[in-house]
Every structure is written in structure tokens, then in C-alpha cells.
Amino acid sequence: MYLLLAAHADGTALQELTADGLPAPSNPQPRVVSAGDLAGVVRGLEKRRPRWIWHRTQDWYPSLLRAGVELERCYDLTLCGSILAHSEFTAHTGYARAAEKLTQDDELHQPPRALQPPPPPPEQGALFDAPARDQRPGQSLEELRAEYAAQQDALRQAGAVPATAPGTTGGSADAPDANRRQRLQLLLAAESAGAMIAAEMQHTGVPWREELHEQILADCLGPRPAPGQRPAKLEALTAELRQLLRSPALNPDSPQELMRALHRNGIEVKTTRQWELKESSHPAIEPLLAYKKLARLHAANGWVWLDAWVKNGRFQPEYVVGGVVSGRWASRGGGALQIPRQIRGAVHADPGHKLIVADASQLEPRVLVALAQDSKMAEAARDKDLYAGIAAQGFGGDRAKAKVALLGAIYGATTGESGRLMPQLARTYPRAVGFVEQAARDGEAGRTVTSRLGRSSPPPSDRWLRSQHSTTAEEQRRADSIARSRGRFTRNFVVQGSAADWAACWLAELRRRLRDLRSDGTAAAELVFFLHDEVMVHCPDGAVEDCMRAIEDSAAAAKELLFGRIPVEFPVSVAVVDSYDKAK
DNA sequence: TCTGATCGCGCG
DNA sequence: AAAGCGCGCGATCAGA
């Protein structure tokens, strides 16, 4: 059952659809529900386990959650539309072509903002913000229904073409056993589930003990200072630095002042980054590095942050699903995806509860093995420690070397040790290395590449396009540099994007299993955090075993959904802890 | 005095 | 020890 929701002048319009997006013959008339009745009506209809179709999950689901209504599944028209508009799997469809027309003015691929005409005023008042992406389905019930139907039509066609259209597609996504339509359908379901999970996690929040956080701050920085003042420890370090660098008014937060002071004292650095400062042995370096570390803690996660972001023992950041082109999530406010190790002790389970912190070990290299079907590297990936396996096969047991080489292949390293190790890696694993090399060449040539489930990289930037008609040698050199940069991006995209595909499936599978546990009445386990390849579940002590099994089963399910039955392991490491700093 | 760009650093 | 990818954010800086 498919139920479409649309904002209507006098409430919410609600219509039952067929799978194809036509009005359900048995019940073709829309129904209008007042704002006050919506949560109750939705709750009642949820018993029939519909898929809720809406413009954006963020517009509907948070308020339903506040009203105590949790839903099983949805279809997010904006997120799915964005995938379908760009995917190589649907590039031949009318849907993608229409989207391409719309995006010709897309600011992402256009000159600086200042040169563009101002955006048109919103059509429907302030009810919705402008969509983040270029797909702008209209917002009336009929427009949304038509949009859904068009998306389903495009999805159907994804399975109806030869796998490779010459000159348009990188080799990355073309396994012979692949069923593109199924994969894309899976991606759309996982993306929509992700949107629900993001809203639910924001609603729930990360359990955060303010007094533990304050204790960490006091230990590192001293007592809480007056607003705008430096904490005592930073003040003391500033005084020490001013003396050691003979600069009585130095502000160590100012890179320019700092650079001048360092140079005056014979410390010849080109930047003021920590790694470069560490090269020097001047007595001022140690307190300077200490200052930088503590100043960062104070500015990014100090008392001001605590006041702004932690309420009633929960940190409730906003997650932005689809915020990264590769399919990773982004976040807004509070730096949710950058919680520093220093303060993870403040993330603490409630009494009678545990935190289960699980992360996929060496996810990206394993994804590369599966994508490239490199059987030699798959042998190494049977090891719990993939890098150790690779080291044994091709690097004389030197794990550090193996790791640097493999990450270099995924990121496109050209210089340094990592770059030098590439030939050695390529000899041992021609398939895996060849796979990322092909993705790089596709990117350099302006082609798009595609993740396992069908998320495609953006088309070349305006900068890249302009660089193509260079004439002088200097321009050509610039063009090569721009092309190589795009090559590194597409090289990484196929791996990072497919890892994001895997993680989305892992998360969606885990959510389903945790819901099952909850409906059994055995466990009130909650997903509270997600970070690219890591999840955190907050659950009662008695539910720990069930949750751990759910996490591991979900990982296995995700592997099979993406790649079928292949001899590559995707192990997860699971830690049961009271506080986040005890994990890993 | 405001705004956008840049630097530097946190996370994967 | 750092380089190759992807992000968000705060302080400073440059320019209007």
C-alpha cells in the first residue's frame, strides 16, 4: 500500500496510490485531514504498513515523531529524485533528460553566486525551504503523484537497457551478474530509510552527560571563564608563548601574527600547521602545540558548544542525508560528525543501559575487493585484519606499508611513500588497482562513474569544461592538473560511494531488526549515532546480546544485498561500553 | 561594520 | 611522518 501526503491549503491531502503511482482504483479520492488530526490518522493507517510517500522526510517526519508516531517505511521524493536524475542507470530515460534541462542553471555548475540572477521567490510561502538539490517536484498532491509515477517509470527502465552505453559509463558498476533495476531500487529504499533514521536519531539524540563534559573541560582548560575570556590554561600558555617568542602582544590565534613571531625567532616554517611545527625543536614549539590543541577544544567543543547543543542529557544534531555526493551523510550544527576523541567520555549510557559501538573494519578496501572481484585480494580480505593479509602477500609482512599503499590507491596518492608503493601493489593486485585506475581515467576524461547501487558522480565542473579548450602550454598544464584532480575524485567516488551504499543497507537492516526487538517488547534499543562506517546503539543491559546479533546479521545482509554471495568478509568490530571513549 | 574567503583542525 | 578522498566549523583576514 502506497500513501501520498501533500500539504494542502486547509490541511494535509492524503491519497492511496498503486505501486506505479496511479490513484488506487478501490479508493481513488484524496482525503483531506486537518493539522490537528494528522498524527492520529497517520498512526491509524500505519497499521496497514503502507509506504508513505512525501516530498521530503524532513518536512513530515520530525513532527510526527514529536507526536509519538513512528513509521516503518517511506519514499522520499526529493532524495530518490536526485539519485534518479543523475544515475547512469537511468541516464537514458526521459526523467533524467528532463532533470538535465532543469539543472542547466544549477548553481553547482555555474559561475560564482554573485554573477547569477537571484533565486525566484518560493512558490508556496514559507512552508517548504527551497530543495537542496536540483529536483523540484511541485508540491500539490497531483504534482507529487505525477513525480512519483515518473520516478517509478524511470526505475522500471533502469533494467531495460544494455549494461554499457559507450562513452557514458565507467567500468565501475558493470558486474555481469548485475541487475541494475534491483540495485537502484535497493538504493532508493535504503536512502529513504536513511532519511527516516536521520530524523529518528535527531529526535532521540546521543546520550550526553553534561557534568562529565564539564569535568573534561575543567581538567584541560581550568574553570569556566567569563564569556569572551580565555580559560586559565590558555591564558597561561599565551603568556609563556609571548615570552618565549619575544612578542609581548602576540595573539596565538592569528596565523599572521604567529608566523611573524616564529620567523623573528628563527623558526622558518611556511605554514603554522601542527605537522610542520613539529619539525622544529625550538622551545616555543611544545607550548604552542599545547595551545593549539586546547584552543581547538575550547572553540569547537567548549562551554559555549555545550550550552548550545546539549539539552536534557541529549545531543541532538541534524543529519543531512544525501548531503555528500558520494552518498555519505553530512550534518548541520554542532559538528556532529567530528566529535573529538578528547570529549567522547561525555557520551555515556543511561543507568541500566549500555552503548554498543560497532564499526565496519577496513570497509573501503573490502568494498574495493568486492567491486573489482580481485580474488587474490579477497584471500587477504578473509583475514580479520585485511592490511595484515595484504602485507603477508605482497609487502614482506610490513603492515604499515600495506596500509599506506592500499589507501594511496583508493585516494590517488602520487607522491611520497604511498605513491612509490603503487607499482608494487599493482603487480600483486592488478584487478583491484586496475579498477580504481579505470575510475580515475574516466574522471579525467570527463565521464561519470557510478557506485555499486547506482549513485553516479556529478558531471564535470565548469572549471573542468573550460579547461578543455586550453591553447597555451601554461593553460594545458593547468588543464592536466584539473583533470587529475577530477580523476582522484572519481577514483575515490566509486569506493567511497559503494561503501556508503553498504553502510546505508547496514543501517536500514539494523533499524528493521531493532524495531522487531522493540515490538517483541523485549528491548527498547535505539539507534543514536551513525558516522560513515560506525553505528551506536543505546539499549538496556538485558538487550545487549540481541542488539549485537542484530548488528552483525545486518552487516552480513548488507554484503549480500550489494554483492550477492561472494567470498569476501565485511567484519564489524563491536564494543559494549558505558561511555564512547571506551570503544576502540 | 558586515560578508565571503582562507586557514587550520576535528572526524571517517 | 604525511599524502591522496570526503566533510563542518570557528577565528582571522581582506575587501567593500
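Owing to the predicted nature of the structure, the values given are computational and were not obtained by experimental measurement. Note: hydrogens, waters and symmetry copies are ignored here, and every other heavy atom, side chains too, is used. Proteins get letters first, then strands, A, B, ... in listed order; numbering begins at 1 in each.
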What is the distance from [atom1] of [X] to [atom2] of [N], rounded to the nearest Å?
{"X": "A:Q496", "N": "B:dC11", "atom1": "CD", "atom2": "P", "value": "17 Å"}
{"X": "A:Q274", "N": "B:dC9", "atom1": "CD", "atom2": "P", "value": "5 Å"}
{"X": "A:R344", "N": "B:dC11", "atom1": "CZ", "atom2": "C1'", "value": "7 Å"}
{"X": "A:L363", "N": "B:dC11", "atom1": "CG", "atom2": "C1'", "value": "16 Å"}
{"X": "A:L289", "N": "B:dC9", "atom1": "CG", "atom2": "P", "value": "9 Å"}
{"X": "A:Q338", "N": "B:dG10", "atom1": "CD", "atom2": "C1'", "value": "5 Å"}
{"X": "A:E276", "N": "B:dG8", "atom1": "CD", "atom2": "P", "value": "9 Å"}
{"X": "A:Y319", "N": "B:dC11", "atom1": "OH", "atom2": "C1'", "value": "13 Å"}

Have a look at [X] and say if it touches a base, only the backbone sugar-phosphate, or nothing, with a 4.0 Å heavy-atom cut-off.
{"X": "A:G333", "answer": "sugar-phosphate"}
{"X": "A:G416", "answer": "nothing"}
{"X": "A:R491", "answer": "nothing"}
{"X": "A:R328", "answer": "base"}
{"X": "A:I410", "answer": "nothing"}
{"X": "A:A299", "answer": "sugar-phosphate"}

Measuring to OP1 and OP2 of B:dG8, would you say a side-chain N or O of A:K292 lies under 4.0 angstrom away? no
Does anything in residues 250-273 of chain A reach DNA chain B, meaning a heavy atom under 4.0 Å, and if so which residues? A:T271, A:T272, A:R273
With distance as the sole criterion, is a donor-acceptor pair present between the side chains of A:S192 and A:D76 under 3.5 Å? no
Opening and closing nucleotides of DNA chain C in contact with chain A, under 4.0 Å to non-hydrogen atoms: C:dA1 to C:dA14
Should the ring pair A:W502 and A:F570 be called parallel, tilted or perpendicular, given that the plane angle runs from 0 to 90° and is split at 30 and 60? parallel
Kindly assign one of parallel, tilted or perpendicular to the pair A:H298 and A:W303, based on the angle between their ring planes and the thresholds 30° and 60°. perpendicular
Report the glycosidic orientation of C:dG4: syn if within 90° of 0, anti in every other case. syn
Within-4.5 Å side-chain heavy-atom neighbours: A:L507 and A:R511: no
Less than 4.5 Å apart, any side-chain heavy atom of A:K584 and any of A:E534? yes
One thing to verify: whether [Y] and [X] come together as a salt bridge, which I'm taking to mean a side-chain N less than 4.0 angstrom from a carboxylate O.
{"X": "A:R328", "Y": "A:E364", "value": "yes"}
{"X": "A:D307", "Y": "A:R224", "value": "yes"}
{"X": "A:R431", "Y": "A:D374", "value": "no"}

A:D385: which residues meet the salt bridge (charged side-chain N to carboxylate O under 4.0 Å, His left out) condition with it, sequence neighbours left out? A:R399
With distance as the sole test, does A:T204 use its side chain to make a donor-acceptor pair with the main-chain N or O of A:E200 at under 3.5 Å? yes
Taking for A:W305 and for A:W275 the nucleotide of DNA chain C with the nearest heavy atom, the one nearer the 5' end belongs to A:W275
Considering every strand shown, what is the Watson-Crick or G-U wobble mate of B:dG12 when both distances are under 3.5 Å? C:dC5
